[in-house]
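Here's the structure, in structure tokens; my notes come after.
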Amino acid sequence: MNTSEARYVLSNSPSGADASTDPQLREAMEMAASDPELQNIREASVAFDDAFREALTRCPAPQAPVDALAREMAAHAPAANRSLAWLHPTAFAAAAVLILFLALTFTFWTPPEAPSSTTPATLASTLPAAPLLKATEELYLNMKPAFRSREGARIAEYLRSHDVLVPTSFPRTLSLDHGIACDVLDVNGNRVSLICFETPDGSGKVHLFSFTREDFPDFPVPESPWMEPSVRSSARAIWADQHSIHVLYSDDGEKNLRQLLDI
Amino acid sequence: MSRKDQSTADFANLVKEHYEGLYKFAWSLSKNEEDAADLTQNTFLTWARKGHTLRDQAKAKSWLFTTLYREFLRQYRRGQKVSPMDQELMETREDPDLPHTARKLEGREALEALQSLEEAYREPLTLFYLEDMAYKDIAEVLDIPIGTVMSRLSRGKAQLKSILTEKKKK
């Protein structure tokens, strides 16, 4: 290392305990031990770091996001803490026994069911474009909305900024102001919007997937909501308006969705 | 204190301890106060959902910064370009009065100076100045080798000084 390189290294290597692990700086420091000019450069460099760090602390962070976070946490406190309860060994053991019992009961005691003639045909079996529903189910099971806000206007702005239509056809009891999160997803190259809502009475959550209708020109979708059970204990309803095909999932099953859709 | 109360108190302490650093890091990355607020808020919400899975709670700080940085990359999906070191920059004799200039900076001016750095330098330098993070922690958060952290810190600092020198001339 020549003096010019040492000057650069001493001047620009950040200060702090970690600096000693930098072999270049170590070499430059060895040169500085017998060169007052290099020593001065290093001292000025350390002084700069201290001064700049101090200047940054004079920039306060706003309080508003902390308040918004506190509101969000208060609204979802039970959900946020629910998982911790499972860490208790007794609760974990009880859950394991229960799951084992249910598995055994299901395996040995449930007789195989014959298809019931009274069971209504599901959309998946009656509509030719079942892949769309299958894809939506995948999205529902794996959803992790990228944007969270409780302001309908900000949700609409996020969707618009990602070049998707903001849905206008909501169930009567729901509006964008009940939104809590959203995302823009991709299904085989088609863009799909997702809006997650808290139901107006705060009892559950529903998730609205909206496809651009012209992306699926052959998909015969009902104009009024058609409902069917879905994965786990959820239920879904599908309908279309002039521009979009909507699939609405309820985490809390058919009854909740019927109330919401008023059907 | 019940388990739930304890958990709420722990969360509040975590926010109190890391909010300012995370917010400023987010602001420096996104250059936008609103995006910074969203990124910070989402990071804490992610912690509320998944933080209990972290075995070593001493690594909470590193986890939070890594999560925020990944979320930023996910939302902004961009490549990082590092320009070759400017020889002119290397040969410039620096202003000996720079520490004094830095001391006189307003907090916002200092953050804006950081924001005007090239992205690849801005990220490690922000963690270094704002959080006093060790090289290995910066490497972990940004997912780059420790040698790269060293060279980017050094180049970033050179660029920062050059920006402040120009600012002073104006």
Side-chain angles (χ1 to χ4, degrees), chain A residues 4-5 7-9 11-19 21-25 40-41 43-66 68-70 72-74 76-81 83-88 144 146-149 154 158, chain B residues 3-4 7-8 11-12 15-16 19-24 27 33 36-38 40-42 44-45 48-49 52-53 71 74-75 90-91 94 96 98-111 113-114 125 128-130 132 134-136 146 150 153-158 160-161 164:
Chain A
S4 169
E5 285 167 340
R7 195 179 289 126
Y8 175 82
V9 169
S11 173
N12 295 311
S13 295
S15 54
D18 249 19
T21 60
D22 184 339
Q24 272 196 314
L25 178 62
N40 288 341
I41 288 174
E43 278 165 21
S45 170
V46 173
F48 172 82
D49 283 345
D50 292 345
F52 192 74
R53 188 172 281 128
E54 200 191 311
L56 283 171
T57 60
R58 289 195 290 269
C59 180
Q63 181 62 25
V66 179
L69 182 66
E72 189 83 12
M73 289 305 294
H76 296 91
N81 291 310
S83 54
L84 292 174
W86 293 97
L87 293 176
H88 196 286
K144 199 177 162 191
F147 182 74
R148 290 178 185 276
S149 171
R154 293 195 62 202
Y158 180 89
Chain B
R3 184 186 291 271
K4 188 180 165 188
S7 169
T8 307
F11 185 78
V15 174
K16 196 174 167 190
Y19 164 69
E20 189 147 337
L22 278 171
Y23 176 84
K24 287 180 184 174
W27 190 13
E33 291 178 49
D38 283 343
T40 311
Q41 194 179 338
N42 284 342
F44 282 119
L45 290 174
R49 285 198 311 276
H52 65 276
T53 61
E71 181 60 19
R74 201 180 74 76
Q75 287 186 20
M90 191 156 172
E91 283 164 7
E94 79 178 42
L98 264 180
H100 181 65
T101 308
R103 222 166 279 129
K104 284 200 305 186
L105 283 174
E106 290 295 326
R108 202 180 171 93
E109 284 178 311
L111 202 56
L114 266 184
L125 220 59
F128 172 74
Y129 280 124
L130 275 175
D132 211 3
Y135 292 175
K136 72 173 176 52
I146 208 162
M150 289 179 191
L153 281 175
S154 161
R155 289 171 177 202
K157 188 171 162 183
L160 178 66
K161 286 177 172 180
L164 292 176

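Just so it is clear: chains get the letters A, B, ... in the order the sequence lines come, proteins before strands, and each one is counted from 1. What you see is a predicted model; the values in this text were computed from it and never measured.
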To the nearest 0.5 Å, atom OG1 of A:Thr57 lies from atom NZ of B:Lys24 at 6.5 Å
Contact winner vs chain A - B:Thr40, B:Thr101, B:Leu114, heavy-atom pairs under 4.5 Å:
B:Leu114
Toward chain A, the part of B:Phe128 with a non-hydrogen atom under 4.5 Å
both
Working to the nearest 0.5 angstrom, can you tell me the gap between B:Lys157 NZ and A:Ser11 OG?
6.5 Å
Of the backbone (N, CA, C, O) and the side chain (C-beta and beyond), which part of A:Ser149 lies under 4.5 Å from a heavy atom of chain B, both, or neither?
neither
What are the two closest heavy atoms between A:Ala55 and B:Ala102, and how far apart are they?
CB-O, 3.7 Å
Less than 4.5 Å apart, any side-chain heavy atom of A:Arg154 and any of B:Asp38?
yes
Test side-chain contact (heavy atoms from CB on, under 4.5 Å) applied to B:Ala12 - qualifying residues, sequence neighbours left out
none
Between B:Leu45, B:Leu125, B:Leu164, B:Leu111, which residue shows the highest count of heavy-atom pairs closer than 4.5 Å to chain A?
B:Leu45
Kindly say whether A:Phe48 contributes a backbone atom to a donor-acceptor pair with the side chain of B:Lys161 at under 3.5 angstrom?
no
Chain B contact via A:Asp50 - side chain, backbone, both or neither, heavy atoms under 4.5 Å:
neither
Is the backbone of B:Leu105 close enough, under 3.5 Å, to the side chain of A:Arg58 for a donor and an acceptor to pair up by distance?
yes
